[in-house]
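What you see is a predicted model; the values in this text were computed from it and never measured.
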Amino acid sequence: AGLVTAIVISRESFPNRLPYELVMKRFRFLEYKFPDCHLNSGDIKVDAETLLNYLLAGRTVDSHQGKVKPFACGKSRVYFRAGALECIETIRHEYYAERAIQLQAWMRALLLRQQFVTLKRGMIRLQSFVRCWLARTTFARRVQSVVTMQCFTRKCLARKELTRLREENASTIIQTR
């Protein structure tokens, strides 16, 4: 009988308690989940009770008085029955986990974009160097071709001139005889 009584007492007690200021500080941002929840009454006790009613809606605790709310509001604190504060903390942690995942996704996207831009700049620079090298190589080949053609042309002209000079020299020798 002592164990059963201890369990009944522990289920009906309020093992967790938080001041109103801390409740509002920790859980006020969860107001976004409830569009019809308005916490602008000016009284922190009323706002805290309204918020907790929305957060713990549908949750009741069995006691010797029947089904009761999982929290009670005092003069300066909110008293939570067993499991009620854990439930709200779970909602809070899920919200933070979702936001952390969202931030991680944004950061991964940002870092990958930066990496992509860096790689793109590197590839553009590499392509620029390759195009420059190809242009220089092509230009050097063309210059070599032009020099070869000029050399051949000068050779042909020099041969022609030499042939003309030999003929002129031969005719001069014939005329002087």
Side-chain angles (χ1 to χ4, degrees), residues 16 18-42 44 46-59 70-71 78 80 83-177:
N16 301 312
L18 294 175
Y20 285 109
E21 293 80 19
L22 188 57
V23 168
M24 293 307 287
K25 181 179 175 186
R26 289 176 75 176
F27 305 117
R28 184 180 185 111
F29 70 91
L30 294 173
E31 173 187 12
Y32 83 94
K33 294 181 94 172
F34 311 103
D36 55 337
C37 179
H38 303 291
L39 303 178
N40 298 325
S41 69
I44 194 166
V46 173
D47 288 346
E49 187 168 4
T50 304
L51 179 63
L52 291 173
N53 280 328
Y54 277 101
L55 288 172
L56 296 172
R59 250 182 93 92
F71 67 94
V78 178
F80 296 95
L85 186 59
E86 290 80 14
C87 177
I88 299 172
E89 287 290 345
T90 302
I91 296 168
R92 180 174 174 250
H93 286 294
E94 287 171 357
Y95 173 83
Y96 284 138
E98 289 170 6
R99 294 306 158 271
I101 290 169
Q102 194 174 35
L103 283 173
Q104 288 171 347
W106 288 342
M107 285 307 297
R108 270 196 307 273
L110 177 70
L111 292 174
L112 287 174
R113 267 190 227 107
Q114 288 176 346
Q115 184 181 13
F116 173 75
V117 167
T118 302
L119 288 173
K120 184 178 175 183
R121 284 183 187 153
M123 288 306 295
I124 289 171
R125 195 165 186 194
L126 180 64
Q127 288 173 348
S128 171
F129 288 145
V130 169
R131 282 193 207 107
C132 183
W133 176 79
L134 286 173
R136 284 182 184 164
T137 305
T138 304
F139 179 74
R141 281 191 206 136
R142 288 182 181 166
V143 166
Q144 184 63 38
S145 299
V146 168
V147 167
T148 304
M149 287 190 304
Q150 286 175 345
C151 182
F152 180 75
T153 304
R154 278 197 292 279
K155 180 181 110 177
C156 289
L157 291 174
R159 242 189 216 160
K160 214 179 217 184
E161 180 68 20
L162 180 62
T163 306
R164 189 187 65 75
L165 285 175
R166 280 184 183 163
E167 287 175 359
E168 190 179 306
N169 189 24
S171 65
T172 308
I173 291 175
I174 292 175
Q175 287 177 358
T176 55
R177 280 191 211 177

Handout entry: Any Leu119 side-chain heavy atom under 4.5 Å of Gln115 side chain
Key = yes
Handout entry: Residue pairs fulfilling salt bridge (charged side-chain N to carboxylate O under 4.0 Å, His left out) with at least one residue in residues 159-176, sequence neighbours excluded
Key = Glu161-Arg164, Arg164-Glu168
Handout entry: Gap separating the CD1 atom of Ile44 from the CD atom of Glu49, nearest 0.5 angstrom
Key = 13.0 Å
Practice task
Report yes if some heavy atom in the side chain of Thr50 is under 4.5 Å from a heavy atom in the side chain of Tyr54; otherwise report no.
Solution key: yes
Fill in the blank from the handout: The reported gap from CG in Leu157 to CZ in Phe152 (rounded to nearest 0.5 angstrom) is 10.0 Å
Practice task
To the nearest 0.5 Å, tell me how far Arg131 CZ sits from Leu126 CG.
Solution key: 10.0 Å
Fill in the blank from the handout: To the nearest 0.5 Å, atom OH of Tyr32 lies from atom CG of Leu30 at 6.5 Å
Problem - Minimal non-hydrogen separation, Arg28 against Asp47, with atom names - result: NH1-OD2, 4.3 Å
Practice task
Count the heavy atoms of every other residue, nucleotide or ligand shown that sit under 6.0 Å from CZ of Phe116, and state whether that count exceeds 12.
Solution key: no
Problem - Ring-ring centroid check Phe27 Tyr95, cutoff 6.0 Å - result: no
Exercise for the section: State the CH2-OG1 distance between Trp133 and Thr138, to the nearest 0.5 angstrom. Expected result: 8.5 Å
Fill in the blank from the handout: With Ile88 as partner, the option from Val23, Leu51, Leu18, Leu55 fulfilling side chain to side chain contact (heavy atoms under 4.5 Å, CB included) is Leu55
Completion exercise
Taking every heavy atom of Leu56 against every heavy atom of Ala84, the minimum-distance pair comes out as CD2-O, 3.9 Å
Handout entry: Rounded distance [0.5 Å steps], CD1 in Ile91 versus CD in Glu86
Key = 12.0 Å
Practice task
Ignoring hydrogens and angles, tell me if any N or O in the side chain of Thr148 forms a donor-acceptor pair with the backbone of Gln144 under 3.5 Å.
Solution key: yes
Handout entry: Residues Leu111, Gln114; criterion side chain to side chain contact (heavy atoms under 4.5 Å, CB included); working and verdict
Key = CA-CA 5 Å; Leu111 292 174; Gln114 288 176 346; 3.8 Å; yes
Problem - Side-chain donor or acceptor of Asn169 paired with backbone N/O of Leu165 under 3.5 Å - result: no
Fill in the blank from the handout: All heavy atoms of Leu85 vs all of Phe80, minimum pair found to be CD1-CE1, 3.9 Å
